[in-house]
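What follows is a single structure, written as structure tokens, with notes after it.
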Amino acid sequence: MKLTKHISLLLIILATSITSAQIKFEAKVSKNRLGVNERLRIDFEMNQDGDNFNPPSFSDFTVIGGPNQSVSNSWINGVRSFNKTYSYFLSPKRQGSFTINQATINIDGQTYKTTPIKIEVTSAVEIPKDPNDPNYLAQEGIHLVAEVSKSDPYLNEAITVVYKLFVSPNTGVENSHEIDSPRYNDFWSQNIDTQDQRFQMGTYNGEEYRYIILRKTILYPQKTGKLDIEPLTLDIGVQVPTNRRDIFGGRMMARVNRTISAGSKTINVKPLPETGKPLNFTGAVGNFSFKVSTTKTQLDATESLQAKVEVTGNGNLKLFNLPKLTLPSSLEVYEPEHNENVRTDLAGMQGSIADTYTIVPQYKGKYPIPSISFSYFDLKTESYKTLNSDEIVIDVLNGPASGSVVSSNQNPANTKQQVVLNKDQFAYIKTNADFSSTTSSYFFKTPLFWSTLLLPFLAIPLAIVIRRKKADRDADVYGNRIRMADKLAKKYLSNAKKALGKKEEFYIAMEKALHNYLKAKLHIETSELSKDRINKLLLERGVEAETMADFNHIMQNCDLARYTPITAVTMQEDYEKAAKTISLIDKQAR
């Protein structure tokens, strides 16, 4: 009977230890049913550290935050408790029933998967107007507005769309990115540079706000009737005040994600009037001047000159055709070269466009370039205007007379037109040619042949040495683990440098770099990464107290920076301090 009790107790202890050692990897969501205007949080939790975490695709959602990583490692009554979580914040793209697929991770050489989760997205729900709710404060404190310069333009008349982000005085923004960009169908469009924009003071709905100009776009409508300007949609991290205060009495901030849209705008495009429309009108709208000019008016036969047809002014310069020159058939004319010198700002296109013709006269004489006309629609007077160029006469001073002949034996049948030669008559003949020898060459017994033959024999000793070195390195399991952790530390520190300016990505990469560096330097595992354990090992290695304090301060910054406003200057300082501290530990540690 006593033996049976001992066996039962042993089995209970064994079952308890097996249960406590069981690896768990699971997904948890904040809610399974939500409105299309709400947010969803999903956490991937594990009770042992792993590698190669792969989240699902989230194809039916927009990732507006994450991955955020948190690690908890504690010892209570001699029992170790470890928990690691990857968190994402999602915004549904539409209504319906969706499935969040499996996430995977490798733990102790095995792959673990989460269970798929079904989510139901309903129509938009009313968000409670709680003045202490961060989501409500973010909704009321930030607005995106599209300002259209004119709602009823003419066809091909320039209008501007300016997108302004209004922010209330006690609200901050960070990490904004575009979810939906307007495509401007049925418009010719060009974005205006808005770099180095700063917040300005203004009003929104009669209240004082700060605002910044996010985008300026110039549009030329290409169709008449009602045209829609698609909305610009942004996802923005918003910092709003809370009821909590820090030790100095200052109000603490909470960070929430918000999706905002400027809304769709509709304009009514008027057609150009048919009354008074010239026959040569090609769609020019604006205010222009017109001229035809030549580089010379006197020259000899077979010389060349350039004739330029140019339009200058303000309007849709890139959206119409220039009139064509009409020239005598006895002038040789080449296809025109089109040039544009146009700048675009909020006033529309300004500058000039021109077609340049190259003309070569063959015979002596005077040749007129007749006047041509250019028509455009003037927006100021809302009427058509026609401009005419001056007639230009080209005087060819020297050269053969047109139609001159030479006779042979006074026989009309042998009468031939004189052949006029010019200096370019043999221009098509190549004077520099590539000739190759017709004598056959053989590969056998050439230097390349002997080199190719002997190279494998010379490479055999080198291959043996490399193989031995690789075998020795592969056999060093302990050294390989250290080298791998050191390589990961360098990789993550490099990733942190690339993520400068992006707060969450930067500090996640920084934390990973420091953890992997410690694993390589102190020969410890992730489960042993506690502050006391690290300080003890660094002290044993001879690291100075000041250096240890700097290292702990950096680790503390990595934890706190995700929840407090951080500037790009502070991130740069933390990066430089981390690199300097790692270098000092390498120099001081024995």
[X] side chain to [Y] main-chain N or O, any donor-acceptor pair under 3.5 Å?
| X | Y | answer |
| --- | --- | --- |
| Gln306 | Thr356 | no |
| Ser373 | Thr386 | no |
| Tyr220 | Met349 | yes |
| Ser389 | Ile372 | yes |
| Arg94 | Val121 | no |

So do the side chains of [X] and [Y] get within less than 4.5 Å of each other, counting heavy atoms only?
| X | Y | value |
| --- | --- | --- |
| Asp186 | Gln222 | no |
| Phe98 | Ile100 | no |
| Val161 | Phe187 | no |
| Tyr204 | Lys164 | no |
| Arg210 | Gln200 | no |
| Ile369 | Thr294 | yes |
| Val396 | Tyr363 | no |
| Glu38 | Ser30 | no |

Heavy-atom neighbours of [X] [atom1] exceed 12 at 6.0 Å:
| X | atom1 | result |
| --- | --- | --- |
| Glu391 | CD | yes |
| Lys277 | NZ | yes |
| Lys270 | NZ | yes |
| Lys324 | NZ | no |
| Lys296 | NZ | yes |
| Asp390 | CG | no |

Walk me through it: do Asp193 and Lys216 pass the test salt bridge (charged side-chain N to carboxylate O under 4.0 Å, His left out)? CA-CA 7 Å; Asp193 184 21; Lys216 300 177 182 177; over 6 Å; no

For the pair Phe44 and Tyr88, name the ring-plane relationship: parallel under 30°, tilted 30 to 60°, perpendicular over 60°. perpendicular

Over 60° means perpendicular and under 30° means parallel, so classify the ring planes of Phe377 and Tyr384, tilted if in between. perpendicular

Residues [X] and [Y]: side-chain donor-acceptor under 3.5 angstrom:
| X | Y | value |
| --- | --- | --- |
| Asp378 | Ser383 | no |
| Ser371 | Asn388 | no |
| Asn341 | Arg343 | no |

Please set out all donor-acceptor pairs under 3.5 angstrom arising from side-chain atoms of residues 309-322, sequence neighbours excluded.
from: Asn316; atom 1: OD1; to: Val285; atom 2: N; distance (Å): 2.8
from: Asn316; atom 1: ND2; to: Gly283; atom 2: O; distance (Å): 3.0

By side-chain hydrogen bond (donor to acceptor under 3.5 Å, both in side chains) - contacts of Arg33 (at least two apart): Glu120

Roughly how far apart are Ile267 CD1 and Ile229 CD1, rounded to 0.5 Å? 5.0 Å

